[in-house]
**Student:** 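Just passing along the structure, written as structure tokens.
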Amino acid sequence: MKSKTELRQELERIHRKSYPAYKDLRGQYDFGDYVLSIDHVQGDPFASPSNVSVAVPMKKAGFPELYWKEAYARTALEDCLLRRFAKKLQDYSFKAKGSGKSGLIATSRPGQEILRRTALEITEKSVTARFEVGFPANGRTINAYELEKILFDFLPPVVVQCFYFRSWKKEILQENYELSVDQNFIRQELPRRNLVAFLAEGSILPRMSGVSSRPLKDAVPLTVPETLRVEMELPCKGKIAGMGIPEGVTLIIGGGYHGKSTLLQALEQGVYNHIAGDGREYVITENTAVKLRAEDGRSVQNLDLSLFIHNLPNGKDTKNFSTEDASGSTSQAAAVMEGIEAGSRTFLIDEDTSATNFLVRDEFMQKIVHGDKEPITPFCARVRDLYEKAGISTVLVAGSSGAFFHMADTVIQMDAYCPLDVKEKVDQYLKDYPLPEFEVGAFVLPEKSRRFWALPRGKAARPSGPRGREDRIKTKVMSTDGFSINHEMVDLRYVEQITDSEQTAALAGMMKYLVKQVTSPVSVKQLAELLERLLKQKGLEGFMEGYAFCGYAQPRIQEIYAMLNRFRG
């Protein structure tokens, strides 16, 4: 390891040289209180910025073990430090001058959710922060004095302000820790109380806009029907009351614009913890809940759909079904079976984004199109079995069809964003609106894991190229919409619980790992378990390659399955 004095000398030596001379700076430098690492240097001032990191020994950082010993508390602390670090870097970005991206200083910028990220990592030994710097140049001539300004003038005070316990107001870190403890407590409490979700009284569910997840100003705070009222004694906050959504089948109804989808969206995002001030800090959904929707045109591979699709007129086997262009109903049936395979215990469904013929079939339609001519068993005919025989709850938003009233254990009506328990009222009308009988087969879940992966080395996503580059695999991330891997698109637009583009980047890194390492036929389940095992052993860092590590965020196992199921390669 070199000293910071040697770094100054190197900067002096390469000043006004051609831009590639910046590569001589790669390595680690001892700044006394922390170690600066220049991990990757960009090719020119117009390319992606250089990757830099700082590591502060925990003995010098001084954060109490209480704040990072447990995994959930450590993630909350990492998130808290990263938010301050991002803000401080922004204050200095482009203060150093030059062409192209010269002077840019940035790191990950978290949204409302608290996610494990590679941008900031806390261990018992150190606090490590990763960020990007645009190494300054005039044209393509190095301006080392401007980089010296960044590394020696701008960065040291930022490191002290962000990564030393003494620089923080203790109440800020204590409140951050206590929120993480309470959120974790609620998550642990849900299964004990047979709940799939808890929404604290007074929560703010509406968001500012379709492109902003910040809370809507002047929104109606959540009220709680007495029949669904649940009280919890949190370890730090104390007694808290809220609406508990029980296991089973829950129906959310109401007129248009009254908040049905808003409630469901809060449940979708409740699988993640949220920062203080978000309005959904105490909106907690059980961790495996997955949003299901129709997805016309998606790929389905070797999947047993016989629970919902059968007797196709072309004679195609629905116990081992594949298509490159699924219809809305087929894609949603596939989503159900994939959710079961992924171990989800709760399905979240919105009628607005579903295939109508997959959800229900009314009596009139059954009389015209007889059962032997209809290959689709509607979801309403299976929803009770999913809960009673497979232990999978369903929360469904319905605005037009009353068929699910007959299957629902709980019925919540949204009235001007206020939930009302109307189950008793609904029961009074059920006898007047009988449900047509469905001719359905036995409820039998698939027994075997499907195999679909067989990608020999040197083919498909492993193109040939110049010597030494045969194994080069290129990925490109398109925000939360998906990613490409050697021009093969993995479309994730309708995987609605991917909330951050860095989760997409992590999924791309995982797919890249699989394409390189897996060469024999294996099941989707085996692939997902392999990735999950590596995540537990090595974290997201296990999928870092070279310098491509600056922006990964943790996806759930459900999103990992979704990625695997949408890969057409």
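What you see below is based on every heavy atom in this structure, not just the backbone, and it leaves out hydrogens, waters and symmetry mates.
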**Student:** Is any side-chain heavy atom of Leu531 closer than 4.5 Å to one of Leu527?
**Tutor:**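 The answer is no, as the side chains (C-beta and beyond) never meet within the 4.5 Å cut-off.
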**Student:** Could you go step by step and tell me if Ser393 and Glu247 meet the side-chain hydrogen bond (donor to acceptor under 3.5 Å, both in side chains) rule?
**Tutor:** CA-CA 6 Å; Ser393 299; Glu247 294 174 352; 5.3 Å; no
**Student:** Looking at residues at least two apart in the chain, or sitting in another chain, which of them share a side chain to side chain donor-acceptor pair (under 3.5 Å) with Arg493?
**Tutor:**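 With sequence neighbours excluded, Arg493 shows a side chain to side chain donor-acceptor pair (under 3.5 Å) to Asp491, given in chain and number order.
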**Student:** According to the salt bridge (Lys or Arg N to Asp or Glu O under 4.0 Å) rule, which pairs have a member within residues 381-393, sequence neighbours left out?
**Tutor:**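 Non-adjacent pairs meeting salt bridge (Lys or Arg N to Asp or Glu O under 4.0 Å): Arg384-Glu388, Arg384-Asp409, Asp385-Lys389.
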**Student:** For Thr475, check side chain to side chain donor-acceptor pair (under 3.5 Å) against everything at least two apart and list the hits.
**Tutor:** none
**Student:** Is there any ring pair (Phe, Tyr, Trp, His ring centres under 6.0 Å) pair reaching into residues 315-338, and which pairs are they, with sequence neighbours excluded?
**Tutor:** none
**Student:** With Phe308, which residues qualify under ring-ring contact (aromatic ring centres under 6.0 Å, His included), at least two apart?
**Tutor:** Phe358
**Student:** Is there any ring pair (Phe, Tyr, Trp, His ring centres under 6.0 Å) pair reaching into residues 511-534, and which pairs are they, with sequence neighbours excluded?
**Tutor:**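 Passing the test, one end in residues 511-534: Tyr513-Phe543.
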**Student:** Partners of Phe405 by ring-ring contact (aromatic ring centres under 6.0 Å, His included), sequence neighbours excluded?
**Tutor:**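 Partners of Phe405 under the ring-ring contact (aromatic ring centres under 6.0 Å, His included) test: none.
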**Student:** To the closest 0.5 Å, what do you measure between OG1 (Thr118) and OH (Tyr552)?
**Tutor:**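 Between Thr118 OG1 and Tyr552 OH, I get 7.5 Å after rounding to 0.5 Å.
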**Student:** Please name all residues satisfying side-chain contact (heavy atoms from CB on, under 4.5 Å) with Ser48, sequence neighbours left out, ordered by chain then number.
**Tutor:**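 Here no residue qualifies.
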**Student:** Indicate whether the side chain of Thr107 and that of Glu132 have a donor and an acceptor atom separated by less than 3.5 Å.
**Tutor:**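 No - no donor-acceptor pair under 3.5 Å links their side chains.
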**Student:** For atom CZ of Arg568, is the number of surrounding heavy atoms from other residues, nucleotides or ligands below 6.0 Å larger than 12?
**Tutor:** yes
**Student:** Taking ring pair (Phe, Tyr, Trp, His ring centres under 6.0 Å) as the cut-off, I'd like each qualifying pair that reaches into residues 478-510, sequence neighbours left out, listed once.
**Tutor:** none
**Student:** Is there any salt bridge (Lys or Arg N to Asp or Glu O under 4.0 Å) pair reaching into residues 250-272, and which pairs are they, with sequence neighbours excluded?
**Tutor:**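 Listed by first then second residue: Glu268-Lys291.
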**Student:** With sequence neighbours excluded, what pairs up with Thr330 under the side chain to side chain donor-acceptor pair (under 3.5 Å) test?
**Tutor:**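 For Thr330 the side chain to side chain donor-acceptor pair (under 3.5 Å) partners, ignoring immediate neighbours, are Ser327.
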**Student:** Who pairs with Asp427 by side chain to side chain donor-acceptor pair (under 3.5 Å), at least two apart in sequence or on another chain?
**Tutor:**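 Asp427 satisfies side chain to side chain donor-acceptor pair (under 3.5 Å) with Lys423 only.
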**Student:** Around Tyr433, counting heavy atoms of other residues, nucleotides and ligands shown, do more than 12 lie under 6.0 Å from its OH?
**Tutor:** no
